[in-house]
There are 2 protein chains.
Amino acid sequence: MPRIVAERADALPALAEVFREHGYEGASLSLIGAATGLGKGSLYHFFPGGKEEMAKAVLGEIDAWFEQHVFATLREATRPEEGLAAMLDAVDGYFRSGRRVCLVGAFALGDTRDRFAREIRGYFSRWAAALCAALARGGRGAAAAAALAEEILADIQGAIVLARALDDPGAFARAVTRLRRRYEMGR
Amino acid sequence: MPRIVAERADALPALAEVFREHGYEGASLSLIGAATGLGKGSLYHFFPGGKEEMAKAVLGEIDAWFEQHVFATLREATRPEEGLAAMLDAVDGYFRSGRRVCLVGAFALGDTRDRFAREIRGYFSRWAAALCAALARGGRGAAAAAALAEEILADIQGAIVLARALDDPGAFARAVTRLRRRYEMGR
DNA sequence: GTCTATAGATCGATAGAC
DNA sequence: GTCTATCGATCTATAGAC
């Protein structure tokens, strides 16, 4: 059997899945070991800080992914509407059209908010800022852009909650569609 | 010291607070014992099914509260707009203007969705149905009412996520305000 | 009914062989 | 680097005194 995990970063996707499915407290080292194929010794070699360091690494990778695929796109798009459309595409893909939860949102609601407050707040505030700037470049006033950015983020996060609660990914898909239509980002 | 908990129902508010603050896994029997003032013996006397029965009882009480103060109001209001306004008042109060999370939403996002799938789905689907019916009585078509009900619920749930994530209850207050204004429910 | 004591399992984390 | 063995702490749940 080939070695799948050769360095710390290789373990992050499996690690993220465990945290997403079981939450921070529910993600036991046994589950993590099974998901990554690593024994506890290896895990503590890669993450001397234990479970907290594992979760921080996962949050950091999620942040980096959104920074690259979402926030940067929003900031760099020549036409702001293109940035918004690209954001919705990326978000729809990332959340598997509603079949995957937002780990950062789940951590925010759950027992883990205080422990990772900095990371959680950074993720959402930079997302809101990038979206707000794009909306402002699209011609909206500063206050209106900020309010709208907040509303769009709430819609996305709330749709993830509903999709999970109703066991209906369509609830998320419909949210993405209405956001696309509303800002004339349909393709 | 007077006995505070004389019957099962007396323990539910404290129980709910513990689950809300620490999540299902994080709510240990020690925490629960401290919050309710009951020893493990008493807790297992009231809830023979253990922690799972405690959580189900809490979800049931939340459901009953919303049934009485939100769903029924939506269904019974003579003018639908009054029902919507009353719903937003009740919701704003219940979630302490954004300082309190929605336990059902948190359970839906977290590790506990499967265990309480029936309760979680029932809460949100009945909320959506009552809201949808009120919107339809207000003159909207069936499809439009259903879509709008889903959007309003997503906005509320997402605003709770944002308020917690940004540590800014204002994110929730602003959501309530924009919902009030948008559907001309301002007072 | 409520308590203390504790069983039995599992937790996160560490040590040491290889 | 990766493993196994194991630690002490903590968990849920039970038993039995009162």
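Throughout, a chain's letter reflects where its sequence line sits, starting with A, and its residues are numbered from 1. If you're wondering where the values come from, they're calculated on a predicted model, not measured in any experiment.
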Enquirer: Quantified as the angle between the terminal helix axes (five pairs each), what is the overall bend of the helix from C/dG1-D/dC18 to C/dC18-D/dG1 to 10 degrees?
Expert: 10°
Enquirer: Which parts of nucleotides 12-17 of chain D does protein reach within less than 4.0 Å, heavy atoms only, written one letter per nucleotide 5' to 3' as B for base, S for sugar-phosphate only and - for none?
Expert: BBB---
Enquirer: Rounded to whole Å, please give me the gap between NE2 in A/His45 and P in D/dG1.
Expert: 5 Å
Enquirer: Backbone N or O of B/Ala147 within a donor-acceptor pair of the A/Arg174 side chain at under 3.5 Å?
Expert: no
Enquirer: Kindly write out the residues that satisfy side-chain hydrogen bond (donor to acceptor under 3.5 Å, both in side chains) with A/Glu25, not counting sequence neighbours, or none if the list is empty.
Expert: none
Enquirer: Which residues pass the side-chain hydrogen bond (donor to acceptor under 3.5 Å, both in side chains) test with B/Arg178, sequence neighbours left out?
Expert: B/Asp155
Enquirer: Report the distance from atom CZ of A/Phe47 to atom P of C/dG12, rounded to the nearest whole Å.
Expert: 15 Å
Enquirer: Could you work out, with salt bridge (Lys or Arg N to Asp or Glu O under 4.0 Å) as the rule, every residue matching A/Glu21, not counting sequence neighbours?
Expert: none
Enquirer: Rounding to a whole Å, what distance do you find between A/Asp10:CG and D/dT2:C1'?
Expert: 15 Å
Enquirer: Rounded to whole Å, please give me the gap between CG in A/Leu38 and P in D/dT4.
Expert: 12 Å
Enquirer: Taking only residues two or more places apart in sequence, or in another chain, which ones meet A/Arg115 in a side-chain hydrogen bond (donor to acceptor under 3.5 Å, both in side chains)?
Expert: A/Glu52
Enquirer: Could you tell me whether A/Lys51 sits above the aromatic face of A/Tyr24, with NZ or CZ closer than 6.0 angstrom to the six-membered ring centre and within 45 degrees of the axis?
Expert: yes
Enquirer: Can you check the A/Leu43 CG to D/dT4 C1' distance for me, whole Å?
Expert: 14 Å
Enquirer: Does the Lys NZ or Arg CZ of A/Arg100 fall within the cation-pi geometry relative to A/Tyr94 - under 6.0 Å from the ring centre and within 45° of the axis?
Expert: yes
Enquirer: Looking at B/Asp10 and B/Glu7, would you say the former's side chain and the latter's main chain have a donor-acceptor pair under 3.5 Å?
Expert: yes
